[in-house]
Q: 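This structure is in structure tokens; I'll ask about it shortly.
Note: hydrogens, waters and symmetry copies are ignored here, and every other heavy atom, side chains too, is used.
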Amino acid sequence: MKKMLFVMNPFAGQRRANRCLADILGIFNRAGYRVTAHMTSCPGDAVGVVADLAGEVDMVACCGGDGTFNETISGLLKSGMDIPVGYIPAGSTNDFASSLGLPLNIRQAAETIVTGAPRRLDVGQFGERYFSYVASFGAFTKASYSTPQNLKNALGHAAYLLQGIPELSQIKKVHVRLELDGAAVEDDFLFGAISNSTSVGGILALDPKQVDMQDGKFEVLLLRSPMELGEISQLIRAVQRQEYNCNMLTFASASHIRIQAEEDMPWTLDGERESGHKTIEVRNLHRAVQVICREEAT
């Protein structure tokens, strides 16, 4: 009988997955898996459990939000094991699961884990930490994960937030220098994201044709800080029209990024806060993990 480690965050989202736990385990058992289940109790718990037990199982599956998936991937990479990972998205945003086309229905996602096929995906290394789909900084870093979905109206989330800025004094800009595979970009930015996803920081949706999640490169999006009120309107139009290479936005691809910034500038990795760094290296770990997706999505 095959063995599976199942890690679940019982506090994710609205705790909706808790009501489906028996169904999830039943689906895994009927597919021939002997399941060891672990309920996480604190941040970082999943990293340690997966790192310790990945060598004893044939597959790791997790249920929770993007942060739970991040911890599961981090633990697997720390273990050195190369086994498939299944993901049941049960968080409040589930940006990464949407990029992969995973079902948001709990039972359907569990079925996908036992009927789907592994797909090799890139992973980001941010100093000593990992991220599965985005590392972001700037004005929207926190708001992109805390704003209710129903407020992300027709303007788009970033445009909605920009519309609420009545004067330049409210804009919190950050000065950052980035070397994108050696090419330097330096300016005052409102927001920046290093992404491997069709959703950039929960703010912008990218055309799936522009994003290859296994090509060894990140998509890098930088929103410059407006110098005058008129430029806010330009930025809103650029966001709405997905005009990523205009005066106010920079959109590029890179596999290795070196960043210099103020030491107290915070980051978000897959929705979780990361402390600031004066200098940080971000690397793309090409096709580092196997994530089980619907077979037609492979």
Side-chain angles (χ1 to χ4, degrees), residues 43-44 47 66-67 69-78 80 85 93 95-96 99-100 120-142 144-145 173-204 206 210-225 244-245 249-289 291:
V47 178
D66 293 329
F69 183 77
N70 173 291
E71 290 195 15
T72 301
I73 292 297
S74 297
L76 188 60
L77 290 171
K78 288 178 182 293
V85 178
T93 55
D95 282 338
F96 188 65
S99 296
L100 290 175
R120 286 279 180 187
L121 299 177
D122 300 339
V123 174
Q125 183 170 6
F126 184 98
E128 298 300 316
R129 288 187 63 181
Y130 301 102
F131 63 93
S132 59
Y133 77 101
V134 68
S136 62
F137 67 85
F140 307 140
T141 297
K142 180 178 179 181
S144 63
Y145 299 98
K173 60 185 179 181
V174 291
H175 190 84
V176 182
R177 174 184 168 86
L178 303 96
E179 295 177 18
L180 309 175
D181 289 340
V185 179
E186 184 173 1
D187 212 329
D188 292 333
F189 296 105
L190 186 63
F191 173 81
I194 301 166
S195 175
N196 189 42
S197 168
T198 57
S199 175
V200 179
I203 290 177
L204 294 175
L206 300 180
Q210 291 183 296
V211 179
D212 184 342
M213 299 171 72
Q214 51 183 186
D215 65 352
K217 290 184 178 293
F218 300 114
E219 282 63 56
V220 182
L221 181 70
L222 303 169
L223 279 63
R224 286 179 171 77
S225 178
Y244 299 133
N245 279 305
L249 281 77
T250 291
F251 184 68
S253 296
S255 58
H256 175 225
I257 303 162
R258 188 173 188 271
I259 303 153
Q260 293 174 292
E262 293 295 326
E263 198 165 0
D264 60 352
M265 185 188 79
W267 288 76
T268 290
L269 304 184
D270 293 345
E272 302 297 324
R273 181 183 171 86
E274 165 69 8
S275 298
H277 303 267
K278 187 174 181 180
T279 301
I280 193 73
E281 303 274 343
V282 181
R283 300 180 184 277
N284 185 292
L285 306 181
H286 187 37
R287 296 168 62 92
V289 295
V291 180

Q: Can you tell me how far the CD1 atom of Ile73 sits from the NZ atom of Lys78, to the nearest 0.5 Å?
A: 13.0 Å
Q: Under 3.5 Å, is there a donor-acceptor pair linking the side chains of Glu262 and His175?
A: no
Q: What distance separates Leu269 CG from Tyr133 OH, expressed to the nearest 0.5 Å?
A: 10.5 Å
Q: So how far is it from Leu190 CG to Asp188 CG, rounded to the nearest 0.5 Å?
A: 10.5 Å
Q: Less than 4.5 Å apart, side chain to side chain, heavy atoms only: is that true for Ile194 and Phe131?
A: yes
Q: Any side-chain heavy atom of Val282 sitting closer than 4.5 Å to one from Phe218?
A: yes
Q: Where is the tightest heavy-atom contact between Pro266 and Phe137, given as atom of each residue plus distance?
A: O-CB, 3.9 Å
Q: OG of Ser225 to CZ of Phe191: how many Å apart, nearest 0.5 Å?
A: 14.0 Å
Q: Would you say Arg224 and Thr250 make side-chain contact, with heavy atoms under 4.5 Å?
A: yes
Q: Identify the two heavy atoms, one from Ala254 and one from Leu180, that lie closest to each other, and give their separation to 0.1 Å.
A: CB-CB, 3.9 Å
Q: Could you give the distance from CG (Leu100) to OG (Ser197), rounded to the nearest 0.5 Å?
A: 8.0 Å
Q: Which atom names give the shortest non-hydrogen contact between Gly44 and Glu71, and what distance separates them?
A: N-OE2, 2.8 Å
Q: Under 4.5 Å between any side-chain heavy atoms of Leu77 and Val289, yes or no?
A: yes
Q: So, Gln260 side chain and Thr279 main chain: donor-acceptor pair closer than 3.5 Å or not?
A: no
Q: Among Asp181, Asn284, Asp215, find the residue that satisfies the side-chain hydrogen bond (donor to acceptor under 3.5 Å, both in side chains) test when tested with Ser255.
A: Asp181
Q: Kindly say whether Val134 contributes a backbone atom to a donor-acceptor pair with the side chain of Asp270 at under 3.5 angstrom?
A: yes
Q: Which atom pair, heavy atoms only, marks the closest approach of Phe96 to Asn196?
A: CE1-O, 4.2 Å
Q: What pair of heavy atoms forms the shortest contact from Glu219 to Val211, and how long is it?
A: OE1-CG1, 3.5 Å
Q: Determine whether Phe189 and Leu178 make a side-chain contact, defined as any pair of heavy atoms from C-beta on separated by less than 4.5 Å.
A: yes
Q: Working to the nearest 0.5 Å, report the span between CE of Met265 and CD of Glu274.
A: 11.0 Å
Q: Search all heavy atoms of Trp267 against all heavy atoms of Ser275 and return the closest pair with its distance.
A: CD1-O, 4.2 Å
Q: Please check if the side chain of Gln214 supplies one atom and the backbone of Arg120 the other of a donor-acceptor pair under 3.5 Å.
A: yes
